[in-house]
Amino acid sequence: MNQVSDRRRHRLRRWLYRGGRPNWLARAMNRISAWQFSAGFLAPGNWITLEVAGRRTGRTVSFPVVAVDHDGRRYLVSMLGEQANWVRNVRAAAGRAVLRHGRRRPVLLVEEPVERRAPILRHYLEKAPGARPHLPVPRGAPLAEFAQIAAAYPVFRVLPRSAS
């Protein structure tokens with residue numbers, strides 16, 4: 001890709017999530033992506049749908065996310081930072097959620113301490129190209145740069161949970 005098209009794509013993604021919140025178009029695209037990821041339709045295995053109880057309504061809310069495997073563990077990263085709705089809902093639900101990609105898997109999401117996030121964030125940027133405009137560190141930057149932003153970007157380790 002040339003530099004001009006990269007800048008346009010970056011500006012579009014920033015517009016879709018201005019202020020860290022999805023606009024009307026991003027919400028519509030997220031609904032379609034959540035369906036696509038949960039069905040496993042034309043989506044890589046790490047593109048999944050996160051289902052969690054809404055913190056206000058209690059109704060199940062679906063979010064398309066990219067899971068990243070690092071050092072033998074699976075993680076979810078909030079590309080929009082602390083204020084992302086799914087992060088707030090997961091915290092309110094004490095980490096209880098469901099991941100879908102073809103089938104439903106009940107999981108427990110455990111927040112990683114800030115000091116462990118940097119290598120996961122760096123790996124996440126390699127695997128989730130859509131997240132690159134949202135993190136203020138370029139892909140491949142030194143680990144120290146990721147450590148500087150780690151407190152602002154929640155990372156959750158995915159653990160299996162019984163269906164009950």
Side-chain angles (χ1 to χ4, degrees), residues 13-135 146 149-164:
R13 287 182 180 144
R14 296 294 296 181
W15 174 77
L16 290 169
Y17 291 95
R18 181 163 293 160
R21 309 285 295 188
N23 68 15
W24 63 272
L25 180 58
R27 283 191 303 273
M29 290 173 24
N30 285 344
R31 282 188 201 103
I32 293 166
S33 295
W35 170 83
Q36 177 188 8
F37 293 3
S38 66
F41 180 71
L42 297 176
N46 66 329
W47 293 9
I48 58 179
T49 297
L50 167 67
E51 294 179 349
V52 64
R55 65 190 176 283
R56 294 186 184 142
T57 65
R59 290 188 311 225
T60 299
V61 185
S62 300
F63 300 91
V65 294
V66 174
V68 63
D69 295 321
H70 182 72
D71 286 342
R73 295 182 175 147
R74 180 159 267 202
Y75 298 93
L76 299 182
V77 175
S78 174
M79 71 179 189
L80 299 178
E82 288 286 333
Q83 298 305 312
N85 272 331
W86 75 262
V87 170
R88 294 159 67 183
N89 289 342
V90 164
R91 288 174 175 159
R96 291 181 307 277
V98 172
L99 297 182
R100 293 189 58 194
H101 184 89
R103 62 183 171 90
R104 298 172 52 87
R105 290 187 311 122
V107 296
L108 183 64
L109 300 176
V110 178
E111 196 159 355
E112 284 293 301
V114 172
E115 59 273 7
R116 289 195 198 153
R117 294 179 186 176
I120 300 163
L121 290 170
R122 183 165 64 178
H123 191 67
Y124 176 71
L125 276 190
E126 293 171 9
K127 300 297 180 184
R132 292 176 191 153
H134 302 284
L135 273 73
F146 286 94
I149 65 159
Y153 294 91
V155 174
F156 293 86
R157 186 166 23 122
V158 178
L159 299 173
R161 179 173 61 94
S162 64
S164 56

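What you see is a predicted model; the values in this text were computed from it and never measured.
- Residues Val90 and Leu50 meet the side-chain proximity criterion, which asks for heavy atoms closer than 4.5 Å.
- In this structure, the side chains of Val87 and Leu80 stay at 4.5 Å or more apart for every pair of heavy atoms.
- Counting all heavy atoms, side chain and backbone alike, Ser78 lies closest to Ala84 at OG-CB, 3.4 Å.
- Taking CG from Leu109 and CG from Leu76, the interatomic distance works out to 5.5 Å, rounded to the nearest 0.5 Å.
- Put simply, the side chain of Asn89 gets close to the backbone of Arg55: a donor and an acceptor are under 3.5 Å apart.
- The two atoms that bring Gly58 and Ala53 nearest to each other are O-CB, 3.9 Å, heavy atoms only.
- Scanning all heavy atoms of the two residues, the minimum distance from Glu82 to Ala151 falls at OE2-O, 3.4 Å.
- Between the CG atom of Asp69 and the CD1 atom of Ile120 there is a distance of 11.0 Å, given to the nearest 0.5 Å.
- In this structure Pro160 satisfies the side-chain contact (heavy atoms from CB on, under 4.5 Å) test with no other residue, sequence neighbours excluded.
- The distance from atom OH of Tyr153 to atom CG of Leu121, rounded to the nearest 0.5 Å, is 9.0 Å.
- Once rounded to the nearest 0.5 Å, the distance linking CG of Asn85 with CZ of Arg56 reads 7.5 Å.
- Annotation for Met79 and Leu135: closest pair O-CD1, 3.8 Å, computed over non-hydrogen atoms.
- Note that CD of Glu51 is 9.0 Å distant from CG of Leu99, once rounded to the nearest 0.5 Å.
- Among Arg116, Arg157, Arg117, the single residue meeting the salt bridge (Lys or Arg N to Asp or Glu O under 4.0 Å) criterion with Glu111 is Arg117.
- Side-chain atoms of Arg161 do not come within 3.5 Å of backbone N or O of Val98 as any donor-acceptor pair.
- Side-chain atoms of Arg100 never come within 3.5 Å of backbone atoms of Thr49 as a donor-acceptor pair (strictly under, hydrogens ignored).
- Side-chain N or O atoms of Arg132 include one that pairs as donor or acceptor with a backbone N or O of Leu125 at under 3.5 Å.
- Rounding to the nearest 0.5 Å places OH of Tyr124 at 15.0 Å from NE2 of His70.
- Every residue two or more places apart in sequence or in another chain that forms a ring pair (Phe, Tyr, Trp, His ring centres under 6.0 Å) with Phe156 is listed here: Trp86.
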